[in-house]
Amino acid sequence: QVQLVESGGDLVQAGGSLRLSCVSSGSIFNMRSMGWYRQAPGKQRELVATISKAGITNYLNSVKGRFTISRDNAKNTVYLQMNSLKFEDTAVYYCYTQANLYDDYWGQGTQVTVSS
């Protein structure tokens, strides 16, 4: 029922910034949690950041202080602001939501490539 569409991935030099967007086809107001995962070639998918309905955020240790997750309920959009990008941030980034205790949804991913 819910579709998530990511955008904003690009090629950027180390030290640069990008902002990823995730637009939901439905309201995100009642969703328990939303977040971003990433997967680099040959590596496991890892959780990057989450934001709860109450606005509580959590981050992967390696991105703390550099990435910021936020949500705009009026626009049904979740953002990931990425600053001071490093080569190791290169990955496909996926938007995710846990709508309730029974339903979750994934976006198709957007490629972020950081050159050294």
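When reading the values below, keep in mind they use all heavy atoms of this one structure, side chains included, and skip hydrogens, waters and symmetry mates. For reference, positions follow the sequence shown, starting with 1. For clarity, every value in this text was computed on a predicted model and none was experimentally measured.
Under the 4.5 Å side-chain heavy-atom criterion for Ile, Leu, Val, Met, Phe, Trp and Tyr, Y105 and Y93 are members of the same hydrophobic cluster. Follow the hydrophobic side-chain contacts under 4.5 Å out from M34 and you reach V2 in the same cluster. Cluster annotation: V92 and F67 are assigned to distinct hydrophobic clusters (Ile/Leu/Val/Met/Phe/Trp/Tyr, side-chain heavy-atom contacts under 4.5 Å, transitive).
Residues V5 and Q108 fail the side-chain proximity criterion, which asks for heavy atoms closer than 4.5 Å. Proximity of E6 to L20: side-chain heavy atoms (C-beta onward) are nowhere separated by under 4.5 Å. Counting heavy atoms from C-beta on, the side chains of I28 and T97 never come closer than 4.5 Å.
Counting only distance, with no hydrogens or angles, the side chain of D10 and the backbone of V12 share no donor-acceptor pair below 3.5 Å.
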(request) Before giving the answer on side-chain contact (heavy atoms from CB on, under 4.5 Å), spell out for Q3 and V23 the whole-Å C-alpha distance, their side-chain angles and the decisive distance to 0.1 Å. (result) CA-CA 8 Å; Q3 293 182 321; V23 180; over 6 Å; no

(message) Between V78 and W36, does the side-chain contact (heavy atoms from CB on, under 4.5 Å) criterion hold? Intermediate values first, please.
(response) CA-CA 9 Å; V78 176; W36 292 90; 3.7 Å; yes

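Summarising the geometry of S17 relative to S84, their closest heavy-atom pair is OG-N, 4.3 Å, with the distance given to 0.1 Å. The two atoms that bring T50 and S33 nearest to each other are CB-OG, 4.1 Å, heavy atoms only. Of all heavy-atom pairs between S116 and A14, the closest is CA-CB, 4.3 Å. Contact detail for G107 and Y94: the closest heavy-atom pair is O-CD2, 3.7 Å. The two residues T77 and S21 make their nearest non-hydrogen contact at CG2-CB, 4.3 Å. What you find for Y59 and A49 is that their closest heavy atoms are CD2-CB, 3.6 Å.
Between Y37 and Y96, the ring planes lie perpendicular to each other; the angle is over 60°, past the 30° to 60° tilted range.
For the salt bridge (Lys or Arg N to Asp or Glu O under 4.0 Å) test, no residue two or more places apart in sequence or in another chain qualifies with E88.
Atoms CG and CG, from N73 and N30 in turn, are 9.0 Å apart once rounded to the nearest 0.5 Å. One distance of note links NZ of K43 with OG1 of T90; it measures 11.5 Å at 0.5 Å rounding. To the nearest 0.5 Å, the span separating NZ on K86 from OG on S62 amounts to 7.5 Å. Note: L80 CG to T68 OG1 = 8.0 Å, rounded to the nearest 0.5 Å. The CZ atom of R71 sits 11.5 Å away from the OG1 atom of T57 when rounded to the nearest 0.5 Å.
Annotation: salt bridge (Lys or Arg N to Asp or Glu O under 4.0 Å) contacts involving residues 22-42, sequence neighbours excluded, comprise R38-E46, R38-D89. Within the structure, disulfide (SG to SG under 2.5 Å) pairs that include any residue of residues 16-116 comprise C22-C95 (at least two apart or interchain).
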